[in-house]
Amino acid sequence: LPSVQMPEDQTVCLGDEATLEIHLTGTAPWTLVMAETLEPYTIEATPFMMAITPTATTQMVVTSIADAYCSAIANGQTSIQVVQIPMQPEAPQGLDIVDFNDGMTTTYLLNQVEFGENYTANLSPENAGTVAVDGLEAIVSWNIDFRGEASLTAMAANLCGLSDWSVAKTIEVKSTIGVDELEAGK
């Protein structure tokens with residue numbers, strides 16, 4: 001009896017082509033019927049390379065196969081996941097005013113977006129401090145000499161590309177360290 005072996009599942013970016021390498025046993029020529037098209041494919045050699053450009057995640061299911069001598073019911077299938085560039089995240093969430101009296105690091109939450117696999121954040125101006133991302137948290141380590149207005153933005157990424165930067169989260173940075181001592185000494 002003829003048989004079919006479908007490839008492993010694939011992930012492609014929207015608009016990209018997926019190539020399915022389909023292996024067949026039996027004697028050429030083969031006739032392969034897929035549930036998605038119901039149109040038979042006549043195949044002269046194995047492996048058969050099928051190129052498709054799906055617009056959405058899809059399952060490719062073989063319903064029957066025949067070779068030069070006989071036919072068989074087939075049950076091979078593969079999935080093609082279609083991924084898009086991530087959406088633009090919303091502004092990071094967290095404190096609007098940072099006071100060094102409360103500590104030198106502040107954690108902000110990044111908004112998860114559809115198709116976002118990993119995230120990055122940017123703190124400006126550059127001398128405000130540094131930012132490290134851990135999952136959906138942006139941890140800002142403030143520069144002890146910085147005072148004023150800073151902004152924090154976020155971006156999502158995946159294998160297809162980068163989102164646009166989010167709208168900026170505006171943060172007022174100040175220090176009241178020592179203010180109580182100064183007022184007490186007057």
Problem - side-chain contact (heavy atoms from CB on, under 4.5 Å) between Q88 and V113, worked out - result: CA-CA 7 Å; Q88 178 185 31; V113 295; over 6 Å; no
Problem - Any R147 side-chain heavy atom under 4.5 Å of S175 side chain - result: yes
Handout entry: Whether T78 side chain and E8 backbone form a donor-acceptor pair below 3.5 Å
Key = yes
Practice task
Please answer whether the main-chain N or O of F115 pairs with a side-chain N or O of N158 as donor and acceptor at a distance below 3.5 Å.
Solution key: yes
Problem - Test salt bridge (Lys or Arg N to Asp or Glu O under 4.0 Å) applied to D96 - qualifying residues, sequence neighbours left out - result: K169
Handout entry: Enclosure of M87 CE (heavy-atom neighbours >12, cutoff 6.0 Å)
Key = no
Hydrophobic clustering (ILVMFWY, side-chain heavy atoms < 4.5 Å, transitive) - are [Y] and [X] grouped together?
X	Y	answer
I65	M34	yes
M50	V12	yes
L109	V167	no
M60	W30	yes
W142	V133	no

Once side-chain hydrogen bond (donor to acceptor under 3.5 Å, both in side chains) is applied, do any residues pair with [X], and if so which ones, sequence neighbours excluded?
X	answer
E172	none
T57	none
N75	none
D145	none

Write down the atom of [X], the atom of [Y], and the distance for their closest heavy-atom approach.
X	Y	result
T105	S141	CG2-OG, 3.7 Å
A138	A121	CB-CB, 4.1 Å
P92	S166	CD-OG, 3.8 Å
A150	A128	CB-CB, 4.1 Å
P125	F146	CG-CE1, 3.7 Å
G26	D67	CA-OD2, 3.4 Å

Practice task
Please go through V61's hydrophobic cluster and name the other residues, only I, L, V, M, F, W, Y counting, with side-chain heavy atoms under 4.5 Å joining them.
Solution key: none
Exercise for the section: Could you pull out all residues at least two apart from T25 that satisfy side-chain contact (heavy atoms from CB on, under 4.5 Å)? Expected result: S3
Exercise for the section: Output all residues satisfying side-chain contact (heavy atoms from CB on, under 4.5 Å) with S64, sequence neighbours left out; order by chain, then residue number. Expected result: V33
Practice task
If a pair satisfies disulfide (SG to SG under 2.5 Å) and one of its residues is in residues 98-127, list it, with sequence neighbours excluded.
Solution key: none
Exercise for the section: Kindly state each residue pair satisfying disulfide (SG to SG under 2.5 Å) with at least one member in residues 42-150, sequence neighbours excluded. Expected result: none
If you measure from [atom1] on [X] to [atom2] on [Y], what distance do you get to the nearest 0.5 Å?
X	Y	atom1	atom2	answer
L95	D102	CG	CG	8.0 Å
T63	E36	OG1	CD	8.5 Å
F100	T176	CZ	OG1	10.5 Å

Practice task
Any side-chain hydrogen bond (donor to acceptor under 3.5 Å, both in side chains) involving residues 111-128? Give me the pairs, sequence neighbours left out, ordered by first then second residue.
Solution key: Q93-N111, S124-S151
Can you give each donor-acceptor pair under 3.5 Å made by side-chain atoms of residues 13-22, sequence neighbours left out, with the distance rounded to 0.1 Å?
residue : atom : partner : partner atom : Å
E21     : OE2  : H23     : NE2          : 2.9

